[in-house]
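To start, the structure under review is shown below, and the notes come after it.
Values below: every heavy atom of this structure, side chains too, minus hydrogens, waters and symmetry copies. So you know, we letter chains A, B, ... as the sequences are listed, proteins then strands, and number each from 1.
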Number of protein chains: 2
Amino acid sequence: MQQVIDIISKMRSLNGELRKREQRVADFVLSNLDQISFLTQGEIAQAAGVSAATVHRFCVSVGCEGFRDFKIRLAQSVAVSLQYLDGNSAEASQTDQLVSQVFGALVDMLNTARQQLDNASMTEAIALLAGARRIVFFGVGGGSANVAREGANRFFRLGLPAEAHADGYFQRMLASTLSTGDVVFAISASGQPQELLDSISIARQYGASSISLTKSGSDLANLTDVSIGIDIPEDQDIYKPSASRLVFIAIIDVLAAGAARERPEEVKEFLRRIRTSLVTLSKDTGPKPIGD
Amino acid sequence: MQQVIDIISKMRSLNGELRKREQRVADFVLSNLDQISFLTQGEIAQAAGVSAATVHRFCVSVGCEGFRDFKIRLAQSVAVSLQYLDGNSAEASQTDQLVSQVFGALVDMLNTARQQLDNASMTEAIALLAGARRIVFFGVGGGSANVAREGANRFFRLGLPAEAHADGYFQRMLASTLSTGDVVFAISASGQPQELLDSISIARQYGASSISLTKSGSDLANLTDVSIGIDIPEDQDIYKPSASRLVFIAIIDVLAAGAARERPEEVKEFLRRIRTSLVTLSKDTGPKPIGD
DNA sequence: GCCAAAATGAAAAAGAATTACAAAATGGGG
DNA sequence: CCCCATTTTGTAATTCTTTTTCATTTTGGC
C-alpha cells in the first residue's frame, strides 16, 4: 500500500508556488472537485485553457506519478466529503438531505478530530488507564456528564473498574479519597468549570493521576498530567454540540480499546479483528438502497 | 453530478449471478479492494487468470461504463473505509493504528447506518416530534439509557420539552400519565426489554404516540407507531457496543435537527449553514499531518 | 453426440497518457 | 534596451491502456 497523500491539502498548500499555467489547472480542479475524476486529461486541459502536457506536469508537481494516479487519489480524497454533499438537491427529499448533511458533518468532524489527536498523549493516557486501580470519570453539564457516563460504561465492560460522577460537590469529596494508582478522567467541552478544576487539584494532591479530554490549551488541559486536546469549532450552529460529544465518545472508545489490550502480542490480532469487522468491507449487508 | 452507484454492494449483490470468469474477477477485486484502483486492466486480468476483455465485460456487468469508470467508482466507494486501513502498519505507531481502526470502524458504521435509514419513517418521526407537547425518552441498560439522556438533552436545547428515564418501574408509571399529543421515544439496541414493551403499550393505551429506535423487525419495532430500524451487526467485538450507540446518537441528531426547523423556508438556510460549517471543504485548516 | 446459444480469449482498433523536443516566454547582465 | 541563459509551455511522436471486433471454446438442451 502506497503512501497516502491528501491531494486537496497539497494543492492548497502549493497555491502560489506553482507555475502559472499549472496554477490555472489547480484552480480549475479545486473548483470542480467532484467532476475531475470523470474527465480525461485532454478535457481538463481544454477546460483550463492549457495543453495536455501541462496538466500532466501539474499532476507530477502535486506529488503524483502521473495523471492516472492523480485521478484516483483525488477521487479518494474527495469521496469522503463529497458523498454527503452531492445528492442532487432537486431530487433528494428534504429528510434525505437532512440525513446527509448531519451525518456528513459528523463524519467530517470525526476526521478533523482524528487529525488533531496527539499520539503521545493518547499513548500516555492508555498506559495510565490500563494500569489504573480505579478510574473515575468527571463531567459537568448535560453533555459532558453523559460522555463521562458513557466512558465509565465503556471501561466497566472491559473489566476495568470505572465509575462516573456528574455532581460537583460529590466530585470534590470523592477526589479527596483517591490516592496513587487511581486515575481521574475529566471531561469538558470548554475546559472552564471550576468544580472540575478543583476536583482535579484535590485528586492530584492525594497522588492520583489525571487525564483530561477537553479543549486544547484550556485551564483544565493545563492542569492534568495528560491532556487530550480537541478543538472543534464551537459556534452556535444547531448540530454542533452533539457533534463534539460524539467525537469525545469516539476518543474514549479508542482509549478503552487501547487499555484493553494488555499484551503487545495480542495487538495484532486485536486490530485484525476490528479490521475484519468493518461492515462495508467484510459483510454482505444485503442490497443497500442508494437514493432512498 | 452523476448517479452514485455503490460498486461494492453491487458486486456483492451480483454474487453468483455473474458469468464464471467475471465472478473470478469479482472475487479478486473484492479481496484486493485497496489496490485495484492502482492496477491496470491487464494486470487485473492476469492476476485473476482471465483475459483483459473479460475484466472489461465485468465492469460493464456491474453497471459501469467501462474499466476507467469502474476504477474511479471503486476508488470512491472504498475511500471512506480505506482511509483508516492504510497507514503503513510498519511506520505508524500502534496507538496511531488504534486510532485509525476505531475511528474507521465508527465512520464505516455511520455510513452503513445511513444506508439503512428509512426516509419515510424519519419524516414521520420528525413530524411527530416537532408537534409534540412533551417528549419522553425511554432506554434501559447502560448504553441505551445514555442515548436516551443524550436525546433528551438534545431536544431540550432546541426548546422542545424532553426528558429521559432509565428506570423500568418509573417508565411504566409515567407511561400511564401520558395522553394524546405526548410522544414516547423508546431506545434499545436489542428491541427485547419487557419493561420497554410494557411502557409503550401503556402509553399507547392512553393515546400517546410512540417512536422506536431499535433493531428492525424486533418486538419493540413492531409495537410503535413509527419505527426507525437499524441493523448493526452486534457481535462480541470489543469496540462494537459504543459504535452502535454512536449511530443512535447520530440519528437522534438528525431527528432533532429536523424537528428544529419548523418552517420550510428556513430549511435551505439551515442546510446551508450546516454545509458551510463542514470543516474539510470550507476551511483551510493548515497543513494536515498525514501519518502522524 | 450434435447443434444452438452463450461465454471467453486473441488481436485489432481506438483512445489516453506520457515523453521528447522545439518554441516561446522570462529575467538578469551588459 | 537587447541578448543570452534558463525556465516554462505547447506540439507532436510514442507508448501504454482500454475498447471493440471477431473467431474459438464451452455449455446445455434435445
Side-chain angles (χ1 to χ4, degrees), chain A residues 2 5 7 10-11 13-30 32-78, chain B residues 2 5 7 10-11 13-30 32-78:
Chain A
Q2 347 206 348
I5 304 170
I7 291 293
K10 189 78 189 255
M11 279 190 285
S13 69
L14 250 45
N15 211 319
E17 293 173 32
L18 288 172
R19 296 192 259 267
K20 262 201 215 99
R21 305 312 273 268
E22 289 182 31
Q23 185 63 51
R24 271 166 73 168
V25 178
D27 293 344
F28 175 75
V29 169
L30 281 171
N32 295 278
L33 284 177
D34 55 338
Q35 295 168 37
I36 296 299
S37 292
F38 294 101
L39 300 178
T40 68
Q41 188 178 242
E43 289 168 321
I44 293 172
Q46 202 182 354
V50 300
S51 71
T54 300
V55 174
H56 185 258
R57 275 187 289 261
F58 159 79
C59 296
V60 175
S61 294
V62 296
C64 295
E65 284 178 26
F67 182 71
R68 266 182 253 271
D69 190 42
F70 173 78
K71 248 167 62 164
I72 297 293
R73 287 177 188 283
L74 185 72
Q76 290 181 336
S77 291
V78 163
Chain B
Q2 346 206 346
I5 303 171
I7 290 293
K10 190 76 189 261
M11 279 190 284
S13 69
L14 251 44
N15 210 319
E17 293 173 33
L18 287 171
R19 295 192 262 266
K20 260 201 217 100
R21 306 311 273 264
E22 291 182 30
Q23 187 62 51
R24 269 165 75 167
V25 178
D27 293 343
F28 176 75
V29 169
L30 282 171
N32 295 277
L33 284 175
D34 54 339
Q35 296 169 35
I36 297 299
S37 292
F38 295 101
L39 299 178
T40 68
Q41 189 178 240
E43 289 168 324
I44 294 172
Q46 202 182 354
V50 300
S51 70
T54 299
V55 174
H56 185 258
R57 275 186 292 259
F58 159 80
C59 295
V60 174
S61 295
V62 296
C64 296
E65 285 177 26
F67 183 71
R68 262 183 254 274
D69 190 44
F70 173 78
K71 247 166 65 165
I72 296 293
R73 288 177 188 283
L74 185 71
Q76 290 180 334
S77 291
V78 164

Rounded to whole angstrom units, what separation is found between the [atom1] atom of [X] and the [atom2] atom of [N]?
X	N	atom1	atom2	answer
B/F70	D/dT19	CZ	P	12 Å
B/R21	C/dA10	CZ	P	10 Å
A/Q41	D/dT17	CD	P	14 Å
A/K71	D/dT18	NZ	P	10 Å
A/F38	C/dA16	CZ	P	16 Å
A/Q23	D/dT9	CD	P	11 Å
B/E65	C/dA14	CD	P	20 Å
A/E22	D/dT7	CD	P	14 Å

Task: Distance test, side-chain N/O of B/T54 to OP1/OP2 of C/dG9, below 4.0 Å - done: yes
Among [options], find the nucleotide with the atom closest to the side chain of [X].
X	options	result
B/V50	C/dG9, C/dA17, D/dT18	C/dG9
B/F67	D/dT18, C/dA17, C/dG9	D/dT18
B/R19	D/dG10, C/dT8, D/dT18	C/dT8
B/H56	C/dA17, D/dT20, C/dG9	D/dT20

- [ ] Name all residues meeting the side chain to side chain donor-acceptor pair (under 3.5 Å) criterion together with A/D27; count only those two or more places apart in sequence or in a different chain, and write none if there are none.
- [x] A/Q23
Task: Heavy-atom closest pair, residues B/G66 and B/C59 - done: O-CB, 3.7 Å
- [ ] Search all heavy atoms of A/G49 against all heavy atoms of A/R21 and return the closest pair with its distance.
- [x] O-NH2, 3.3 Å
Open item on the list: Whether the side chain of A/R57 and the base of D/dG10 hold a donor-acceptor pair under 3.5 Å is what I'd like checked.
Closed with: yes
Task: Backbone of B/K71 reached by a side-chain donor or acceptor of B/S37 within 3.5 Å - done: yes
TODO: Specify the residue among B/E43 and B/K20 whose closest nucleotide of DNA chain D lies further upstream toward the 5′ end.
DONE: B/E43
Open item on the list: Let me spell it out: for each of B/R68 and B/S51, pick the nucleotide of DNA chain C with the closest heavy atom. Which residue's pick is nearer the 5' end?
Closed with: B/S51
Task: Value rounded to 0.5 Å, distance of CD in A/Q35 from CG in A/L33 - done: 10.0 Å
